[in-house]
Undergrad: 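Can you keep this structure in mind? I'll have questions shortly.
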Amino acid sequence: MRRSALLVLLSLLVVTAGCVGEVPLDATSEEPEPPLDDAVEIHHIDVGQADATLIIEPEGETMLIDSGDWRQDGEAVIAYLEAQDIDRIDHLVATHGHADHIGGHEAVIDHFEEEKDGIGRAYDSGVASTSQTYERYLDAVERHDVDLRTVSNGDSFEFGATTVDIYNPPAGDSGSDLHENSVALSIRIGETSYLTTGDAEGHVEERLVDAHGEALDAGIYQAGHHGSSTSSSEPFLDVVDPEVAVISSARESQYGHPHDETLEAFADRGIETYWTGVHGDIVVRTDGEETTVTTEHDGTTDPAELLDEKPDDETAAIATPGTQAAGVPIAE
Amino acid sequence: MTETYDAVLDRIVDGEHATLLLEADDRVVDEFVIDIERVPDPGRHEGAVFRARVADDSLLSLSYRPDETAARKEQAQDRLDQLSRPLSDDES
């Protein structure tokens, strides 16, 4: 569908170029990218109310984007990577310093540096967090002398047969807010892309749309901020225009993620939607032409029906152990 | 029995929920999610450090520690800056 539309557009461009006589006729840069020899695997690991995504590209390079919540201390992620026979993490990304994204970083770095073939390079938003979880991640970086890089809009690097483009944080001084500076990146895979924005919220999305427009178009989109209505705004979805969306949050999310508004927006657009809370581990495979999805658990991919899978309002917000509901102020 | 911990406001979720990490012996040992309105106002921001009193798995009180907050922020950022360099610095 999209390809035929593109071909029509290309034909028009060529015709126009012929008429004007000044525009180069060579339109090779506009031609569709060929598919890869083999599929890229994008494993959205079910880590409850947190994020952890393993990506394996056809040449065997690996990337781990976030490492789950501090409570798991990397255990679920390491077990999953072991089951996939991963010996080395070539690219370890911390989208931002919150404990539900870097909760396993220390353990993952220690494990791969001490018992496997190590960490190739680590990437950070450049904004530190004050938590012990974050400090321990830096401890592990220092302990193993990991090559740690800060990234910003405009950065790009090769990831095997694919290319990674960094869209956020913005270049230059961008304050110290962690969501504002969450790493957003796109992996170009043949003619399609995988877009993930960490916990970037609406005004970051607005900035991305202004700066990058249609370049954000992605066949596969990891819903920002666990499917919260702070993210996946309408103007952003207009340009990303995904066919498949993946939400990483617990079924009994204490924050009510994914929010109804997000699932409704996905439903309006007919986006095939997966939610770790329902589907468990979600593996997307694409060679840039054909995309398939396999899940640990069966479940509907109709976002309107996923709405019914959410627990009743209020119960989830109170039921989680260690969680307190609203009440009187507790300032001393 | 009441116990006292350092607590860090790790994040404010959806503008409503404050996620607090309780620390003991340089480790995070517990997490509380409370309504942001219950957090003392000057400490109602990401990265704020508090003394927390806890009894029977309930958070009794939070007292904001502005000096500790500022010191930790500076220390963490300095350390990250020392341990990292921009990707664009390459490739020499």
Side-chain angles (χ1 to χ4, degrees), chain A residues 69-71 96-100 103 121-124 126-136 138 141-142 145-152 154-157 166 171 176-179 199 225-226 228-230 254-257 259 317 320-332, chain B residues 6 8-17 19 21-23 26-35 37-43 45-49 51-53 57-64 68-69 71-90:
Chain A
D69 188 56
W70 71 271
R71 287 176 193 267
H96 63 291
H98 287 156
D100 56 336
R121 186 178 265 183
Y123 305 83
D124 193 283
V127 178
S129 159
T130 56
S131 74
Q132 288 291 349
T133 307
Y134 191 84
E135 189 172 339
R136 286 183 164 272
L138 292 187
V141 165
E142 186 166 24
D145 199 19
V146 174
D147 182 10
L148 178 62
R149 301 305 186 94
T150 53
V151 293
S152 61
D155 286 341
S156 179
F157 61 89
I166 305 289
S176 61
D177 184 273
L178 284 152
H179 280 183
D199 280 1
H225 196 199
H226 317 284
S228 167
S229 59
T230 59
Q254 64 264 56
Y255 310 113
H257 295 161
H259 285 151
T320 310
T323 299
Q324 297 194 334
V328 291
I330 51 173
E332 281 193 324
Chain B
D6 278 345
V8 170
L9 178 47
D10 185 60
R11 55 196 189 270
I12 298 168
V13 180
D14 302 330
E16 298 173 19
H17 313 279
T19 304
L21 304 180
L22 270 59
E23 300 171 350
D26 295 334
R27 277 204 171 273
V28 177
V29 293
D30 205 354
E31 173 177 310
F32 285 93
V33 179
I34 63 172
D35 192 304
E37 298 296 325
R38 299 181 67 203
V39 176
D41 194 18
H45 60 86
E46 195 171 76
V49 183
R51 286 302 279 175
R53 285 198 304 125
D57 281 336
S58 291
L59 197 51
L60 297 180
S61 71
L62 287 171
S63 66
Y64 179 49
E68 174 69 10
T69 301
R72 273 210 204 190
K73 270 199 169 169
E74 190 180 341
Q75 191 183 24
Q77 192 61 49
D78 283 353
R79 187 149 182 246
L80 170 61
D81 293 345
Q82 277 168 15
L83 290 172
S84 67
R85 61 192 174 106
L87 181 67
S88 53
D89 263 11
D90 261 1

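Being a predicted model, the structure only gives us computed values, none of them experimental. We name chains A, B, ... by the order of the sequence lines, and we start the count at 1 in each one.
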Undergrad: With a 4.5 Å limit on heavy-atom distance, are the side chains of A/E135 and B/R79 in contact?
TA: yes
Undergrad: Counting C-beta onward and ignoring hydrogens, is there a side-chain heavy-atom pair between B/V28 and A/R136 closer than 4.5 Å?
TA: no
Undergrad: With a 4.5 angstrom heavy-atom cut-off, could you sort out which part of B/E46 is near chain A: side chain, backbone, both or neither?
TA: side chain
Undergrad: CG/B/L83 to CZ/A/R149 distance, rounded to the nearest 0.5 angstrom?
TA: 13.0 Å
Undergrad: Answer yes or no: is there an ion pair linking B/R11 with A/D100, defined by an N-O contact shorter than 4.0 Å?
TA: yes
Undergrad: Which value, rounded to the nearest 0.5 Å, describes the distance between A/Q132 atom CD and B/L22 atom CG?
TA: 12.0 Å
Undergrad: Let me confirm one number: the CG-CG distance from A/L148 to B/D81, rounded to the nearest 0.5 Å.
TA: 10.5 Å
Undergrad: Is there side-chain contact between B/E31 and A/R71, with at least one heavy-atom pair below 4.5 Å?
TA: yes
Undergrad: Identify which part of A/D145 has an atom lying under 4.5 Å from any heavy atom of chain B, answering side chain, backbone, both or neither.
TA: neither
Undergrad: For the CZ atom of A/F157 and the CG atom of B/L87, what is their distance to the nearest 0.5 Å?
TA: 7.0 Å
Undergrad: Please determine, among A/D124, A/T230, A/L178, the option with the most heavy-atom pairs under 4.5 Å with chain B.
TA: A/L178
Undergrad: Taking A/T133, A/V151, A/V127 one by one, which has the highest count of heavy-atom pairs under 4.5 Å against chain B?
TA: A/V127
Undergrad: With a 4.5 angstrom heavy-atom cut-off, is it the side chain or the backbone of A/H225 that approaches chain B, or both, or neither?
TA: side chain
Undergrad: Where is the tightest heavy-atom contact between A/D155 and B/S88, given as atom of each residue plus distance?
TA: OD1-CB, 3.7 Å
Undergrad: Look up atom CG in B/D10 and atom OH in A/Y134, then write down how far apart they are to the nearest 0.5 Å.
TA: 12.0 Å
Undergrad: With a 4.5 angstrom heavy-atom cut-off, could you sort out which part of B/L21 is near chain A: side chain, backbone, both or neither?
TA: side chain
Undergrad: Could you check whether any side-chain heavy atom of A/E142 comes within less than 4.5 Å of a side-chain heavy atom of B/Q82, counting everything from C-beta outward?
TA: no
Undergrad: Any chance you could measure B/R85, atom CZ, to A/D147, atom CG, to the nearest 0.5 Å?
TA: 6.0 Å
Undergrad: Mind listing the closest non-hydrogen atom pair of B/A76 and A/S129 along with its distance?
TA: CB-O, 3.5 Å
Undergrad: Count the heavy-atom pairs under 4.5 Å between each of B/D6, B/V8, B/V13 and chain A, then report the option with the highest count.
TA: B/V13
Undergrad: Using a cut-off of under 4.5 Å on heavy-atom pairs, state which of B/D26, B/V29, B/T19, B/V49 scores highest against chain A.
TA: B/D26
Undergrad: Please name the pair of heavy atoms, one in B/G47 and one in A/T130, separated by the smallest distance, quoted to 0.1 Å.
TA: O-OG1, 3.0 Å
